[in-house]
Amino acid sequence: MNALAPYKRLTIKIGSALLVDGKTGKLRADWLRSLAADIAALKANGTSVVIVSSGAIALGRRLLHLDAVSLPLEQSQAAASAGQIALSQAWAETLGEHGIVTGQILITPNITEERRYFLNARTTIATLLSLGAVPIINENDSVATAEIRYGDNDRLSARVASMIEADCLVLLSDIDGLYTAPPGKDPDAVHLAHVPEITPEIEAMAGGAASHLSRGGMTTKIEAGKIATKAGTAMIIAKGTENHPLKALTEGGRHTLFAPFQSRAAARKRWIMGTLTVAGALHVDAGAARALLTGKSLLPIGVTKVTGVFGRGDAVAILDPEGHEVARGLASLQSDEAQLVRGKKSQSVIELLGVGNRSEMVHRDNMVLLTGMEAAAK
Ligand code: GLU
């Protein structure tokens, strides 16, 4: 069975132990070439691919002759700095052989947590994908401080996958999935092919094992699984050490699939309703209030009044002529722009704000209607 067939947008996390030879500290160039061929094949099939690649510290160690088993923070940050150049070069060259352009994005937790950065990073990644490029993402290890780093690319990749609404996160590592106990310690450990839900029992199975190069063991993979599946993204853990690891997955290779906990649309709605504080309100006329109920975006012409100060991407309440909140959503325009264009037709909005700007106030994909069940649950 082709494990990747259901998915159109993949985030693939590559562990250091796959990219870098543990003994020599050198890049596993043949392996990377085989992976690039797999990525090219997926892209040729219309699948978008985002890579979260580890390996900067492991490569930088060799370049800077840092041999200690455990490096002090400043040395591992220096190693990340030197190694990241080698890492992006390797990706650019190897995917370049297939005519694929790569874009590098280095992120820190504030980028996936703070809305303004989040929206920007998401837009950049989406734009790269729409241009046919493959974004290569890593943590910005050389500047992150201990308090503000993920420290492992398992959780980082889960944040990225949920940020870009990937339908599946693939963790390629040195183990072919989750076992009922760490298989190195327990010979009776049994492989699990499918995990419908991450329960405390599943968490207990993860144990704490980590390989010598990567920071994450099964525990951070399960943490990643919780982040991804809650956001509506499936997660696959598969062994990636052999050549053509993605092709292996399309040909029935062994793996563990973690089913998404809820749909991405539901996850997004929960995020809008549950996580964000409302920064302002858009008062709409009766016609616009009715249009929202039929699944339309909110256009400036239907907005009668704008209150509060908000930026693009902030949550706003949408109020009907009686002042009742009928919907909540993410503003496409900041409050001063909204003031300027309220009550105006779309054509004049383009004239006022310039071509290339949003012409709706709130896009329907970013809106939750507060009718019936949703209003009751609020
Ligand atoms: N960001 C680290 C690096 O590129 C890897 C973290 C991990 O192994 O999860 O070296």
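All values derive from a computational prediction rather than experimental measurement. Values reported hereafter were calculated over all heavy atoms of this structure, with side chains retained and with hydrogens, waters and symmetry mates removed. Atoms within a ligand are numbered from 1 in the order they appear, just like the ligands themselves.
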For R9 and V49: C-alpha separation, side-chain torsions, deciding distance, then whether side-chain contact (heavy atoms from CB on, under 4.5 Å) applies. CA-CA 6 Å; R9 185 176 273 198; V49 176; over 6 Å; no
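Within the structure, the closest approach of G55 to ligand 1 falls below 4.0 Å when heavy atoms are considered.
Using a 4.0 Å cut-off between charged nitrogen and carboxylate oxygen, K8 and D167 do not count as a salt-bridge pair. For the pair E325 and R328, the salt-bridge criterion is met [side-chain N within less than 4.0 Å of a carboxylate O]. Ionic pairing of K344 and E351 is not present here: no N-O contact between side-chain nitrogen and carboxylate oxygen is shorter than 4.0 angstrom.
Contact annotation: for D141 versus ligand 1, heavy atoms closer than 4.0 Å belong to the side chain alone. By the criterion of a heavy-atom distance under 4.0 Å, the side chain of N138, and not its backbone, is placed next to ligand 1.
Considering backbone and side-chain atoms together, I57 places an N or O closer than 3.5 Å to an N or O of ligand 1. Taking distance alone, with nitrogen or oxygen atoms compared against 3.5 Å, K13 stays at or beyond that limit from ligand 1.
Ligand-side atoms of ligand 1 in range of D152: 9 (O), range being under 4.0 angstrom from any heavy atom.
In F261, the CZ atom is not crowded: 12 or fewer heavy atoms of neighbouring residues, nucleotides or ligands sit closer than 6.0 Å.
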